[in-house]
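Everything below concerns the one structure shown next.
Both backbone and side-chain heavy atoms feed into the values below; hydrogens, waters and symmetry mates do not.
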Amino acid sequence: MPFGINETMGQYSELFMLLAAGTYTVAFIAFAWDLAKSSRALRAIDLKAAQAGLDGQARESAKVPVAAGVGERAETHLAGPAGRAERPSSSTAKAAGGGGVATADADMRYAAERRAPARVAVALTVLGALIHGAGVVTRALGAGRVPWGNMYEFLTTGAFVAVAVFLLVLVRRDLRFLGTFVVGLAIIMLVAASVAYWTPVGHLVPALQSYWLIIHVSIAVLSSALFTLTFAMSALQLVQSHRQRTVAAGGADKLGFMRLVPSALSLENLSYRINAIAFIGWTFTLMFGAIWAEKAWGRFWGWDTKEVWTFVIWVVYAGYLHARATRGWTGTRAAWLSIVGYLCVVFNFTIVNQFFNGLHSYSGL
């Protein structure tokens, strides 16, 4: 493809990326609006339910004396099972006059509910992903190759894959509570790519001109996208766990929007399953990288900084899976291990690529 056409395609790609970032920003606002609006509706439901309970108790006490402990049992019934700190079900909401704010159950299935902001946010995210995908495709057409040969392309493609995986999972599971975090991370990645890592369309260095680029890096991008989802889930798990302990101890619920989020245990279980899939992908990333290194440099392993940190990430997530499955590391300890693993991924991509010289210095900066 002539250079002029390549440059034009690169410009179209940058325009699509800008439009995608703008669309994601509106979707982010819509997801945040959904959290705020639903949180207010749930507080209103609680007040009505509590008032109804107090009125009923007053009427009963006018007829018969209230035995010791009845009030406590009534409060426990209104609050739900101890330690769960979940919001009312759709049937409870309807009875209280809430009008269809339903709980995200442990299986994260969709419930019969009317959450217009959430549906608008998802529609905007789909539109943003389509525009984003067009940006990735035009970048590939302009470069005449797969669009992940430098840090700019890895970030933009990785952000697209993260959003695409999120939307695919939404088909089966109600993970709209993650929308603010996933879309927010995608915006950060696009802004970082455009501001700090922008690279014009160009050819690859000889070592990257191989079919192993498609195999090795594509699996790394997909695995990183899955790790991004589990990072958001683990962060939410820590917040939800703290909230559940506070409410169970009788403290005030200051994070009402978290009632739209499943329990900490449900988040932990789903995060563990996704991390297991991502870990398999990262294992193949490590293996195929070694094979590619042998083809390019005549050795499978050379203790290059990038190779070392790729292995460090593998060890951290292997430790996470092993500790949770066999050593009983559940709850907040498992969440922190998952977060540490993702921080290693971020360190490997940013600090190692920019400040450590080695055979993998392909940032394009």
Side-chain angles (χ1 to χ4, degrees), residues 24 27-39 42-43 80 83-87 101-111 113 115 117-118 121-122 125 159 162-163 165-170 172-189 224-248 251 253-278 317 320-321 324 329-343 345-346:
Y24 286 150
F28 175 86
I29 295 172
F31 275 122
W33 178 29
D34 173 58
L35 291 178
K37 182 178 179 181
S38 299
S39 179
L42 289 166
R43 283 198 297 268
R84 285 193 58 183
E86 299 291 344
R87 66 180 184 271
V101 180
T103 185
D105 59 16
D107 293 328
M108 302 179 197
R109 301 290 186 181
Y110 286 94
E113 55 185 342
R115 286 169 57 186
V122 172
T125 305
V163 174
V165 169
F166 169 67
L167 292 174
L168 287 174
V169 177
L170 277 182
R172 298 294 301 275
R173 293 286 188 273
D174 187 0
L175 300 184
R176 288 175 295 181
F177 60 87
L178 277 180
T180 304
F181 302 91
V182 174
V183 174
L185 285 171
I187 295 171
I188 292 173
M189 293 168 74
S224 299
L226 293 175
F227 286 142
T228 300
L229 291 180
T230 58
F231 165 74
M233 289 182 186
S234 297
L236 280 175
Q237 177 191 337
L238 292 175
V239 176
Q240 187 70 293
S241 178
H242 173 73
R243 173 181 170 271
Q244 289 178 186
R245 288 195 303 268
T246 301
V247 173
D253 186 2
K254 298 180 180 179
L255 300 173
F257 71 93
M258 289 298 295
R259 299 177 66 182
L260 296 170
V261 179
S263 66
L265 180 60
S266 299
L267 290 170
E268 179 185 349
N269 289 336
L270 183 58
S271 176
Y272 173 74
R273 290 194 290 268
I274 297 178
N275 268 331
I277 297 172
Y317 279 105
Y320 160 82
L321 295 174
R324 191 184 182 280
W329 273 47
T330 57
T332 57
R333 291 190 296 181
W336 277 116
L337 263 181
S338 178
I339 290 173
V340 168
Y342 188 72
L343 292 178
V345 173
V346 174

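Shown here are the ring pair (Phe, Tyr, Trp, His ring centres under 6.0 Å) partners of Phe227, two or more places apart in sequence or in another chain: Tyr317. Residues passing the side-chain hydrogen bond (donor to acceptor under 3.5 Å, both in side chains) test with Thr228, sequence neighbours excluded: Tyr342. For Thr246, the side chain to side chain contact (heavy atoms under 4.5 Å, CB included) test picks out His242, with sequence neighbours left out. With sequence neighbours excluded, the residues that form a side chain to side chain contact (heavy atoms under 4.5 Å, CB included) with Ile187 are Tyr24, Thr25, Phe28, Val183, Val191. By the side chain to side chain contact (heavy atoms under 4.5 Å, CB included) test, Leu238 pairs with Thr332, Ala335, Trp336, Ile339, sequence neighbours left out. Take Met233 and apply the side chain to side chain contact (heavy atoms under 4.5 Å, CB included) test, not counting sequence neighbours, and it matches Leu175, Leu178, Leu270, Ser271, Ile274.
For Leu226 against Ala278, the heavy-atom pair with the smallest separation is CB-CB, 3.6 Å. Minimum interatomic distance between Ala334 and Tyr320 (heavy atoms only, all atoms of both residues): O-CE1, 3.3 Å. The two residues Ser338 and Ser234 come nearest to each other via the heavy atoms OG-OG, 3.1 Å.
Rounding to the nearest 0.5 angstrom, the gap separating the CG atom in Leu35 from the CZ atom in Phe31 is 9.0 Å. If you take CZ on Phe231 and CG on Leu236, they are separated by 10.0 Å, rounding to the nearest 0.5 Å. Here Arg333 contributes atom CZ and Arg324 contributes atom CZ; the two are 12.0 Å apart, rounded to the nearest 0.5 Å. The CH2 atom of Trp329 sits 5.5 Å away from atom CG of Leu337, with the distance rounded to the nearest 0.5 Å. For the atom pair CG of Leu267 and CZ of Phe177, the computed distance is 5.0 Å after rounding to the nearest 0.5 Å. Separating the OG atom in Ser224 from the CG atom in Leu229 is a distance of 11.5 Å, to the nearest 0.5 Å.
At distances below 3.5 Å, at least one donor-acceptor pair connects side-chain atoms of Gln240 with backbone N or O atoms of Val261. Under a 3.5 Å cut-off, the side chain of Ser241 and the backbone N or O of Gln237 do not form any donor-acceptor pair.
Within the 4.5 Å cutoff, side-chain heavy atoms of Val239 are placed close to those of Met258. Within the 4.5 Å cutoff, the side chain of Tyr272 has heavy atoms near those of the Leu321 side chain.
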